[in-house]
Amino acid sequence: MNEDRPTEDRHVPVLRDRCINLLAPAIEAAEAAGRTAVVVDATLGMGGHTEAMLERFPKLHVIGIDRDTQALALAGERLAAFENRTDLVHAVYDEIADVVQDLGFETIDGALFDLGVSSMQLDERERGFAYSYDAPLDMRMDTSRGRTAAEIVNTYDEAELVSIIRRWGEEKFAGRIASSIVSTRAGKPFTTTGELVEAIRAVVPAAAARTGGHPAKRTFQALRIEVNEELDVLERAIPSALSVLGVGGRIVVMSYHSLEDRIVKDIFAAGSRSSAPKGFPVELEEHRAQLKRLTKGTEVPTEQEIAENPRAASAKLRAVERIRATMDGARR
């Protein structure tokens, strides 16, 4: 990545305007009520979405969360002009409720999740997220802690490797790939992405690679998810955000593969239907849906949005609004 280029030139936010338009009614309602609207950018990255929100809404306060210290530093530079209206926090996004409360806010008016690996992480070769060039086999979003991808491929037994590659990567050649990894590391432990790519390429049929993209794509996805516990974090993060979301507040989520989207879909669906027992004659207040879905199924990017940022091509967008307070009255 070219450090001489301004951050805003190195990062074009995915579906920027569409995301902000979905959050806008909640921000405007808070301002109409005389409150300072608070939005959490749960995956701050290089700060593109946050910058656009702060520019559009001059009174908005944004809490930006990221587990990547490098991303936080770059976002801090980009958002320096908005220092009085931002709190940038080093945390994992399943810690949203704790972060919000630690900063002294009771509730929030919105939350934005842009899941998966960030543009910066893909572009930084030494981070080891990309299979297209040789680099240390790391893949940690937070380089200050946790296991690296190298530790996983060098220590997991074959059955464990098959499980994660098949489950997280949805890779039909998981068995062949895991066997190749185990046999290769017996001679020399893996240290770079290039070594892993070669072990995968050796056993994935050429015809499959021609039709299904790069032969290492799914395995790299699986390892990244395992290294960063991404799906476990997501399963905790959406409920955490909902727990501090005020009535009228909105959550917008962009996911990039079916495993993420399924988790978001299930949580949103559960909150947007009645919990009254089947055959119950009257729907009580506590049975009413707490959420209203704002998107019909999964929305996908337009051709123009993909042209503006090719990484938007696989984005899946879902959004909900809180329409009822919890029974303990914790939400406005």
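Residues: numbered from 1 along the sequence shown.
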Requested in this report: For Leu103 and Val89, run side-chain contact (heavy atoms from CB on, under 4.5 Å): C-alpha distance rounded to whole Å, both residues' side-chain angles, the deciding distance at 0.1 Å, then the answer.
Outcome: CA-CA 10 Å; Leu103 290 170; Val89 182; 4.3 Å; yes
**Prompt:** Does the pair His61 and Phe105 meet the rule for a ring pair (Phe, Tyr, Trp, His ring centres under 6.0 Å), with working shown?
**Reply:** CA-CA 11 Å; His61 190 94; Phe105 298 101; 5.4 Å; yes
Which of Arg35, Arg250, Arg322 passes side chain to side chain donor-acceptor pair (under 3.5 Å) with Asp109? It is Arg35
Are any side-chain N or O atoms of [X] and backbone N or O atoms of [Y], one a donor and one an acceptor, separated by less than 3.5 Å?
X: Thr193; Y: Ala135; value: yes
X: Thr43; Y: Leu115; value: no
X: Arg185; Y: Val153; value: yes
X: Ser240; Y: Arg236; value: no
X: His257; Y: Ser314; value: no
X: Asn228; Y: Met139; value: yes

Is the number of heavy atoms from other residues, nucleotides or ligands within 6.0 Å of CZ (Arg167) greater than 12?
no
Checklist line | Parallel, tilted or perpendicular, as decided by the 30° and 60° cut-offs, for the rings of Phe113 and Tyr93 | finding: perpendicular
Q. For Ile65 and Glu95, what are the C-alpha separation, side-chain angles and deciding distance, and is it a side-chain contact (heavy atoms from CB on, under 4.5 Å)?
A. CA-CA 9 Å; Ile65 296 175; Glu95 301 171 301; over 6 Å; no
Quiz prompt | Check: Tyr256/Asp114 side-chain N/O donor and acceptor closer than 3.5 Å | solution = yes
* Judged by modelled atom types alone, do Thr148 and Arg140 share a side-chain donor-acceptor pair under 3.5 Å? -> no
Nearest heavy-atom contact between Ala319 and Leu22 is CB-CD1, 4.0 Å
Next item on the list: Please test Leu291 against Ile251 for side-chain contact (heavy atoms from CB on, under 4.5 Å), starting from the C-alpha separation and ending with a verdict.
Entry: CA-CA 10 Å; Leu291 305 176; Ile251 293 182; over 6 Å; no
